[in-house]
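Take a look at the structure below.
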Protein chains: 2
Amino acid sequence: MESSNTEQNILQAAEREFLDKGFAGAKTTSIAAAAGVTHTMLHYYFRTKENLFNKVYEQKVALLAHSVSGFMLDSKLSLRLRIQRGIEAHFDFLSANPDLPRFVINEIISNPQRLQNFRETIAMATGAFLQHFQEDLDEAADRGEIRRICALNLLLDAVSLNVFLFIMFPIAEAVTLPVYGTREALLAARRTENVQVILYRLLPNLP
Amino acid sequence: MESSNTEQNILQAAEREFLDKGFAGAKTTSIAAAAGVTHTMLHYYFRTKENLFNKVYEQKVALLAHSVSGFMLDSKLSLRLRIQRGIEAHFDFLSANPDLPRFVINEIISNPQRLQNFRETIAMATGAFLQHFQEDLDEAADRGEIRRICALNLLLDAVSLNVFLFIMFPIAEAVTLPVYGTREALLAARRTENVQVILYRLLPNLP
DNA sequence: AATCTATTTAACAATATTGTTTAACCACAC
DNA sequence: GTGTGGTTAAACAATATTGTTAAATAGATT
């Protein structure tokens, strides 16, 4: 018996289907077919489509939340280097999970109730991080290492630069393919550029 | 008789519904109800759901394509000022059409065929713009007014910063509300910040 | 051997959704 | 007045989709 195997197959097929087509666009029959199991088995394991979706969704929300923690490398490196590494880690995470942000936001849009459930959680988690991050920024600014800046703005800048590419990938690829040629070249170029943008943003005015 | 009025009512209701829920999530009955007309009328005017969707979609793709042209202000202003105005115009356009990018990309993801139809169109239109823009950038760099930069990178930087906020608005709002308080304050802050990021990116190294 | 679980096949029920048809109504134009 | 086109209402057909059920099989567990 490959019990957990079948369950995993269904979950993986469901993940692919939900990510591509959203909740409404995904069909349980199509998921079952993609998973190589019968329609009956899908309901046997998950009873309802909603149930199956929630399993996938919770897992993905947790992943997305985790992705922000990539910014919090509290090493002994310089602040600038820490920020650089944080952005690169975030970018690499998105490379491995390219349609995660679109999936999560789409479900929130079509079902706003979902956001309410963890609205406060978000505010608290990021609030704590931002407060600490702001202190680091201010201290570095006091030492003249960086330009003075609002931590929230810096965070949004970095996340915007990184996430946009993956959310709009097909369009971005269509626009950039004549220049970069390959997908890999595009990713490499943007990974570098995003870091540069933030570093220039932080570069202090020379005296 | 309010013939054109009914048709417009349907189109507007369809737009709202398609933008919120996507093609699969939108229901013709729900659209008809929202438009205040009968189920029959919707089919009388548009025959099929697909038909109605295409009307909305084509209109939105045209809008999105048009939005890039906001960057091309060929005035006699300095390059830096032209870029600043272009970004602001783009941001304001997105403020007025906040879910346009998500709508267009979602449909492309769930129906990749759509992209093929205007893949070359995109490449050509942006290609022409980028070539001209790159010349302007190079000349300004020669004069020492800005840092030398790839036009495509600059375009992606600006568009990323602007578009991300609107695509992820509910999440961004949840994160930033404790800091900015209101939606308007958030928008104003990001509008300014996005321009700043690009201007710092362009700031030449002092000699 | 008896039992339990995973599995397939097949048929079925319930509902939602898209799309059509018909009959009737009303206003306006000719 | 007659006809035309927009409109409603109601019923209907066709299909898709979700979900359930029953019967049979086979491996593993007891």
Side-chain angles (χ1 to χ4, degrees), chain A residues 1-60 103 106-114, chain B residues 1-60 103 106-114:
Chain A
M1 297 289 128
E2 318 180 10
S3 76
S4 63
N5 199 358
T6 295
E7 191 170 347
Q8 283 307 308
N9 287 346
I10 296 174
L11 271 174
Q12 280 174 29
E15 184 178 315
R16 197 57 283 133
E17 181 109 354
F18 283 133
L19 260 68
D20 285 347
K21 310 189 191 173
F23 179 80
K27 308 297 165 191
T28 56
T29 52
S30 166
I31 292 172
V37 305
T38 59
H39 168 50
T40 316
M41 283 317 296
L42 187 146
H43 289 291
Y44 176 72
Y45 275 103
F46 299 96
R47 231 176 55 77
T48 66
K49 179 185 178 182
E50 187 99 23
N51 225 305
L52 178 55
F53 180 83
N54 286 338
K55 291 269 193 304
V56 174
Y57 194 71
E58 285 163 18
Q59 180 190 327
K60 293 302 172 185
F103 175 62
N106 276 337
E107 187 54 22
I108 288 175
I109 296 289
S110 67
N111 188 356
Q113 184 55 38
R114 243 176 236 285
Chain B
M1 298 287 124
E2 320 179 9
S3 76
S4 65
N5 199 359
T6 294
E7 190 170 349
Q8 283 307 309
N9 288 347
I10 296 174
L11 271 173
Q12 280 174 28
E15 184 179 314
R16 197 54 286 131
E17 181 108 355
F18 282 132
L19 259 68
D20 285 346
K21 311 189 190 171
F23 177 80
K27 307 298 165 191
T28 56
T29 52
S30 167
I31 292 172
V37 304
T38 59
H39 169 49
T40 318
M41 283 317 296
L42 189 146
H43 289 292
Y44 175 72
Y45 274 104
F46 298 95
R47 229 174 56 77
T48 67
K49 179 185 180 184
E50 188 98 23
N51 225 306
L52 178 55
F53 179 83
N54 286 338
K55 290 269 193 305
V56 174
Y57 194 71
E58 286 164 18
Q59 180 191 328
K60 293 302 173 186
F103 174 62
N106 276 337
E107 186 55 23
I108 287 176
I109 296 290
S110 67
N111 187 355
Q113 184 56 39
R114 243 176 237 285

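Each chain gets a letter, A, B and so on, in the order the sequences are listed, and its residues count up from 1.
- Heavy-atom minimum distance, A/Lys49 versus A/Ala26: NZ-O, 2.9 Å.
- A donor-acceptor pair under 3.5 Å is absent between the side-chain atoms of B/Lys27 and the main chain of B/Glu17, judged by distance alone.
- Regarding A/Asn9, its CG atom lies at a distance of 14 Å from the C1' atom of C/dA6, rounded to whole Å.
- Note on ring orientation: taking the six-membered ring where Trp is involved, the planes of B/Phe23 and B/Phe18 are parallel (angle under 30°, cut-offs 30° and 60°).
- D/dT20 atom P lies 11 Å from atom CG of A/Asn51, rounded to whole Å.
- Residues from residues 19-30 of chain B placing a heavy atom under 4.0 Å of any atom in DNA chain C, listed by number, are B/Ala26, B/Lys27, B/Thr28, B/Thr29.
- Within the 4.5 Å cutoff, side-chain heavy atoms of A/Val56 are placed close to those of A/Phe103.
- For the side-chain hydrogen bond (donor to acceptor under 3.5 Å, both in side chains) test, residues two or more places apart in sequence or in another chain that qualify with B/Lys60 are B/Glu15.
- Contacts with DNA chain C (heavy atom under 4.0 Å) in residues 36-44 of chain A: A/Thr38, A/Thr40, A/Met41, A/Tyr44, listed by number.
- Distance A/Ile10 CD1 to D/dG19 P: 14 Å, rounded to the nearest Å.
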Inset, instruction - Take A/Arg16 and A/Leu19 through the test side chain to side chain contact (heavy atoms under 4.5 Å, CB included) and record every step on the way to the result. - result: CA-CA 5 Å; A/Arg16 197 57 283 133; A/Leu19 260 68; 4.0 Å; yes

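- The interatomic distance linking B/Glu7 (CD) with D/dG6 (C1') rounds to 12 Å, in whole Å.
- Checking the phosphate oxygens (OP1, OP2) of C/dT18, no side-chain nitrogen or oxygen of B/Arg47 falls inside 4.0 Å.
- Here C/dT18 presents its P atom at 12 Å from CD of B/Glu50, a figure rounded to the nearest Å.
- Between B/Ile31 atom CD1 and C/dA16 atom P the separation is 18 Å, expressed in whole Å.
- Residues A/Leu42 and A/Thr28 approach most closely at CD1-O, 3.6 Å, considering heavy atoms.
- Between A/Phe46 and A/Phe53, the ring centre distance reaches or exceeds 6.0 Å.
- Rounding to whole angstrom units, CG of residue A/Asn5 and P of D/dG27 are separated by 17 Å.
- Looking only at side-chain heavy atoms (C-beta outward), B/Glu7 and B/Ile10 stay at 4.5 Å or farther from each other.
- Look at OH on B/Tyr45: it is 12 Å from P on D/dG5, rounded to the nearest Å.
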